[in-house]
Amino acid sequence: MKVVIDKDKCYKSGECYYNHPELFKMDDEGFPQVLVDELNDATLVQHAEEAREVCPAVAISIVE
Amino acid sequence: MAEPVADLGPELDPRVFDSEEFQRDPFPVYKQLRDYHPVYHDRFHNRWILSRYWDVDGAFQDNESYDRAMYKPDGPYDFGSSHVFGPNILEYGNSDEHRRLRNIVAGQFVGQKLNDFLPMIDQISNEVIDRFIDDGEVEIVSQFSSQVPIRVISNMLGLPREDEDTFVQWYQYLIAGLGFGGEHLARGLKARNDMWDYIDPMIEERTKNPGEDLLSRICVAEMNGTRMTPEEVKGFVALLLAAGGDTTDKAIANMWYHLMYTRPDQYADVVAESSLWENVFTEMMRYDPVVHAQFRFTTREIPVHGKVIPERAGVILYLGAGNRDERAFENPDTFDIHRDDLHMGRENRSGRYKDGKNGHLGFGIGQHFCMGYAMARQEAAIACKLLAERVKNLRPKFAEHVGITAPSIDSGGFRAPAELWLEFDR
């Protein structure tokens, strides 16, 4: 499983990278950069789901 | 408009920070810091100071190097024991505990949950205005700005409306206790204990039978399968009443002060186009926000502008100075609600905007960005818009005003006018 960011929807609120620094980091423009290629453990999946839930722009999805 | 800010030259005596002059008008010293001492080691107060926009922003962003917490989460310090709010997220640094507590409540003040509260903000603002609408004059601070936010928050929490005057007293003591004086702290801690006794049975009841109110939601909100402890709920209620009430209160007063005395010409623009109240809010948060400084502790040696800030040093981030940085904003000392180099819409925790403009630093940035940012903006815009709509020819009662007053121990270090008399027609 992977985390995907839709940059058109994203408005750089920062919620994902401040809440889950193990998964995301802010790039030079303020967009999130996904740090983990493959969500290969249950905690990471749970954190990714939380990030998706709280994203105010609905810009985060998790794909197989 | 504003007077041009004087160039004081490089000589800076750190005792200036204790002077009344600095408290009243810190901007010349801010400019001196930015221009001559971008990293200032204040040996008199044993602290370091950052003041340029991008340095303040950079420190807010860099959690690895700058920690907000005074104590380690796993050390001997009993969190909440000597804080006026009790256990609350303000004492925690960049820890998992901070993230957990923040995540439980942060979602309550934004988006649809905030929208659900908007009609109530309308209603309370109108009730407050009703009390003075027939007088032809109003003292904004005591009759308007200090009355709206506390009533909004206690209403959101679902606290009994007949006790609202008591909450106003408590939050004023709590805020004073955030300052530095022993007696203020003692009175703040007593107000905290009285409030806790008052709210204890409500927490118990709403945990069992939660309603739609915010207190119920906080009691039963879950994150990773855990809830807040009753102590944490109480700490959060104290934080909400005090921090959420007082800062918004002062923000509204600052907006009116600047529209009436700094830019009366732009008040006409706002009356003609009420959506501009959001711009008034944003420009106030840049030009002279309620909070001017945040504190951090370094976690390592940090090289900045050719100097090195040592590990475990106290650092002041003067966001009030960063907001006036010529490197970020043109004519920074001019209050202008039509400014085109400032991001005018809703703020982001990241401080980065798709319109490419710089945002104000008034809510902080990053991990500890103000949680009530969206609510503060809505409350201020709605309350001000309603007042402007319900009266005509709103104007200062007195030609002269002493200005935004010094932050003092009694005000918890927040900046606002002490009094603001306005007159109006119906």
Side-chain angles (χ1 to χ4, degrees), chain A, chain B residues 54 57-58 60-68 89 92-115 221-226 343 345-359 363-371 373-374:
Chain A
M1 292 163 89
K2 278 184 198 314
V3 182
V4 179
I5 309 286
D6 183 338
K7 281 198 181 180
D8 291 332
K9 288 185 185 163
C10 173
Y11 63 76
K12 312 181 186 181
S13 77
E15 293 300 326
C16 58
Y17 41 80
Y18 293 117
N19 288 317
H20 299 288
E22 72 289 354
L23 268 178
F24 307 93
K25 108 181 224 245
M26 183 172 97
D27 74 11
D28 292 342
E29 294 182 312
F31 285 110
Q33 183 188 334
V34 182
L35 297 172
V36 179
D37 282 339
E38 189 64 35
L39 300 171
N40 51 12
D41 104 30
T43 315
L44 280 181
V45 173
Q46 193 196 334
H47 288 185
E49 283 169 353
E50 278 171 24
R52 181 183 60 190
E53 294 299 310
V54 303
C55 174
V58 202
I60 297 177
S61 48
I62 301 168
V63 297
E64 286 301 324
Chain B
W54 291 110
D57 174 88
F60 274 136
Q61 301 278 7
D62 185 357
N63 294 319
E64 298 294 310
S65 309
Y66 296 90
D67 193 351
R68 184 178 58 173
I89 59 172
Y92 291 102
N94 307 323
S95 59
D96 291 345
E97 186 61 10
H98 174 264
R99 216 169 283 138
R100 182 183 77 84
L101 287 173
R102 181 171 170 125
N103 286 356
I104 286 178
V105 290
Q108 305 294 332
F109 311 111
V110 291
Q112 191 51 48
K113 288 191 175 161
L114 173 61
N115 290 345
E222 291 192 0
M223 199 51 136
N224 299 344
T226 59
H343 172 77
R346 193 182 51 182
E347 295 80 3
N348 275 352
R349 279 176 85 177
S350 69
R352 304 288 180 268
Y353 300 99
K354 278 198 157 174
D355 61 13
K357 296 175 183 176
N358 295 327
F363 284 131
I365 300 277
Q367 191 69 48
H368 304 287
F369 180 68
C370 174
M371 223 162 38
Y373 70 105

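Chain naming here is simple, since letters A, B, ... match the order of the sequence lines and numbering starts at 1 in each.
- In terms of modelled atom types and a separation under 3.5 Å, the side chain of Lys354(B) and the main chain of Asp8(A) share a donor-acceptor contact.
- When heavy atoms are compared at a cutoff of 4.5 Å, Phe369(B) does not approach chain A at all.
- Heavy-atom contacts from other residues, nucleotides or ligands closer than 6.0 Å to CG of Asp41(A) number more than 12.
- The choice from Gly366(B), Gly356(B), Gly351(B) that makes the most heavy-atom pairs within less than 4.5 Å of chain A is Gly366(B).
- For a residue to count as touching a neighbouring chain, one of its non-hydrogen atoms must lie under 4.5 Å from one of that chain's; by this rule Glu15(A) touches chain B with backbone and side chain alike.
- Summarising the geometry of Ser350(B) relative to Gly14(A), their closest heavy-atom pair is CB-CA, 4.2 Å, with the distance given to 0.1 Å.
- At least one side-chain heavy atom of Met26(A) sits under 4.5 Å from a side-chain heavy atom of Arg352(B).
- Arg346(B) places a side-chain heavy atom less than 4.5 Å from the side chain of Tyr11(A).
- A pairwise comparison of heavy atoms in Ile365(B) and Tyr18(A) identifies CG2-OH, 4.3 Å as the closest pair.
- For Glu49(A), the CD atom counts as densely surrounded, since its 6.0 Å shell holds more than 12 non-hydrogen atoms of other residues, nucleotides or ligands.
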